[in-house]
Amino acid sequence: MKRILLEETSSTNDYIRQFLEEGEDVVVCARRQSAGRGTKGRSFLSEEGGVYLSKLTFYKNLPAGEAFRVMTHAAVAVCRTAERFGARPELKWPNDVLAERKKLAGILIENILEGDRVKASVVGIGLNVSNPLTGLEDIAVRLKELSSLPPSAEEVRDALIWELGRESSFSDYLSYVRFLGRTVSVTEGERQYTAVARELLPDGRLLVTAAGERRLLSAAEISIGW
Ligand code: BTN
């Protein structure tokens, strides 16, 4: 697979879009990003020392209703990579990888749909290795703190690319989910409430119970009550 390594770009998720017409899978990595993007229009701090990578994958037959498979595959690859370097990762639905209760990596997926199929997906991953956390020390963690032998960003990047090439299943994804049965605070638009996380469905929805009612969440955020 074609691999492109950049010193700097605004966002690897944006840079990679020029390859959409070529129809071939490609990975783009940057040492730093000047305008890294997170989910929900947030920015993603991307200073040198971290891994900032996007992978463009084309699909022949992926129904849009099964698009969550793109997320589970990426999340498992990140968790397996983090484990290789001594971390004990866990997943916070829908797109964060935590270690020691702090954010280790974030995943931003942008799917390109054609009718009711996913034609291609851009999977963007930002993983903290030894990049400065600049004020985010209370909520973010780096592999540097979790490894007995702190790895370089290049080693982690190469391991992640390799892991992205491996197969994984929904049960592999579930093996990194540890918040089921726990109390979570749910933010759904303007609404915020406490719930118990019950089950993650293969289509990516999270079943919670709140005030005795079952609710299926698809576009919410949770924070885990430790
Ligand atoms: C999140 O935590 O909200 C998702 C963060 C995703 C960051 C990665 S870094 C590589 C790729 N390029 C971007 O601009 N964003 C993703």
Side-chain angles (χ1 to χ4, degrees), residues 1-20 25-57 67-68 70-79 81-82 87 89-112 120-143 153-154 156-161 163-164 173 176 179 187 204 206 217-224:
M1 189 185 23
K2 188 151 84 174
R3 196 191 273 209
I4 294 166
L5 307 176
L6 305 169
E7 271 306 304
E8 182 174 313
T9 187
S10 51
S11 156
T12 53
N13 265 37
D14 296 336
Y15 185 94
I16 208 166
R17 285 189 168 256
Q18 65 189 279
F19 301 103
L20 265 175
D25 295 1
V26 56
V27 172
V28 173
C29 311
R31 276 190 212 288
R32 52 188 182 275
Q33 298 181 116
S34 54
R37 297 192 284 110
T39 52
K40 304 200 162 49
R42 294 177 186 139
S43 61
F44 187 82
L45 189 68
S46 310
E47 294 193 58
E48 195 152 336
V51 171
Y52 313 107
L53 168 160
S54 298
K55 183 175 181 199
L56 172 64
T57 308
F68 192 63
V70 179
M71 173 59 82
T72 62
H73 179 258
V76 170
V78 175
C79 289
T81 303
E90 64 180 287
L91 292 168
K92 182 169 87 75
W93 180 86
N95 66 305
D96 284 346
V97 178
L98 310 183
E100 298 188 346
R101 301 179 182 183
K102 294 178 177 180
K103 180 157 167 166
L104 177 64
I107 303 172
L108 173 66
I109 293 181
E110 296 174 314
N111 289 324
I112 293 96
S121 67
V122 174
V123 171
I125 297 169
L127 204 169
N128 298 323
V129 182
S130 58
N131 46 302
L133 294 177
T134 333
L136 300 176
E137 293 80 1
D138 288 348
I139 55 167
V141 69
R142 308 173 290 183
L143 284 179
E154 288 73 25
V156 179
R157 175 197 70 202
D158 291 348
L160 178 58
I161 293 173
E163 292 291 353
L164 283 166
Y173 176 85
Y176 294 106
F179 63 87
T187 308
L206 175 66
L217 307 178
S218 47
E221 258 187 274
I222 58 166
S223 64
I224 303 170

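Counting convention: from 1, in listed order, for ligands and their atoms alike.
Close contacts between ligand 1 and Ile125 involve ligand atoms 8 (C), 9 (S), 10 (C) [criterion: under 4.0 Å to a heavy atom]. Of all atoms in ligand 1, numbered sequentially from 1 with element shown, those under 4.0 Å from a heavy atom of Gly126 are 7 (C), 8 (C), 9 (S). Remark: ligand 1 atoms within the under-4.0 Å shell around heavy atoms of Leu53 are 10 (C). Heavy-atom contacts of Gly38 reach the following atoms of ligand 1: 1 (C), 3 (O), 4 (C), 5 (C) (cutoff under 4.0 Å). Close contacts between ligand 1 and Ser11 involve ligand atoms 12 (N), 13 (C), 14 (O) [criterion: under 4.0 Å to a heavy atom]. Listed by number with element, the atoms of ligand 1 under 4.0 angstrom from any heavy atom of Gly36 are 14 (O).
Between Leu108 and Asn95, the closest side-chain pair of non-hydrogen atoms is not below 4.5 Å. For the pair Asp14 and Arg37, the minimum side-chain heavy-atom distance is below 4.5 Å.
For atom 2 (O) of ligand 1, the nearest non-hydrogen atom of the protein is Lys103 NZ, 2.4 Å. The nearest protein atom to atom 10 (C) of ligand 1, hydrogens excluded, is given as Thr12 OG1, 3.2 Å; this is a heavy-atom distance. With respect to atom 12 (N) of ligand 1, the closest heavy atom belonging to the protein is Gln33 OE1, 2.9 Å. If you check which protein heavy atom lies closest to atom 5 (C) of ligand 1, you get Phe44 CD1, 3.4 Å. From the protein, the heavy atom lying nearest to atom 3 (O) of ligand 1 is Thr39 N, 2.8 Å.
Counting heavy atoms under 4.0 Å from ligand 1, residue Lys40 does not touch it at all. Here Ile107 has backbone heavy atoms under 4.0 Å from ligand 1, and that is the only part of it that gets that close.
Remark: the backbone N or O of Ile222 is paired with a side-chain donor or acceptor of Lys92 at under 3.5 angstrom. Using a distance-only test at 3.5 Å, with no hydrogens or angles considered, a donor-acceptor pair links the side chain of Ser11 to the main chain of Asn13.
For ligand 1, one of its N or O atoms has an N or O atom of Arg37 under 3.5 Å away.
Within the structure, salt bridge (charged side-chain N to carboxylate O under 4.0 Å, His left out) contacts touching residues 128-143 (residues at least two apart or in different chains) are Arg142-Glu145.
Taking all atoms of both residues into account, the shortest heavy-atom contact from Gly106 to Asp96 is CA-OD1, 4.2 Å.
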(message) Run Leu91 and Val97 through side chain to side chain contact (heavy atoms under 4.5 Å, CB included) and show every step you take.
(response) CA-CA 5 Å; Leu91 292 168; Val97 178; 3.7 Å; yes
(request) Tell me, with the steps shown, if Val122 and Ile112 meet side chain to side chain contact (heavy atoms under 4.5 Å, CB included). (result) CA-CA 8 Å; Val122 174; Ile112 293 96; 4.2 Å; yes
(request) Apply the test side chain to side chain contact (heavy atoms under 4.5 Å, CB included) to residues Thr57 and His73: give CA-CA distance (whole Å), side-chain angles for both, the deciding distance (0.1 Å), then the verdict. (result) CA-CA 12 Å; Thr57 308; His73 179 258; over 6 Å; no
(message) Glu47 vs Arg32, test: salt bridge (charged side-chain N to carboxylate O under 4.0 Å, His left out). Steps then yes/no.
(response) CA-CA 5 Å; Glu47 294 193 58; Arg32 52 188 182 275; over 6 Å; no
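A heavy-atom separation below 4.0 Å is not found between Arg42 and ligand 1. Contact between Ser54 and ligand 1 is present, with at least one heavy atom of the residue lying under 4.0 Å from the ligand.
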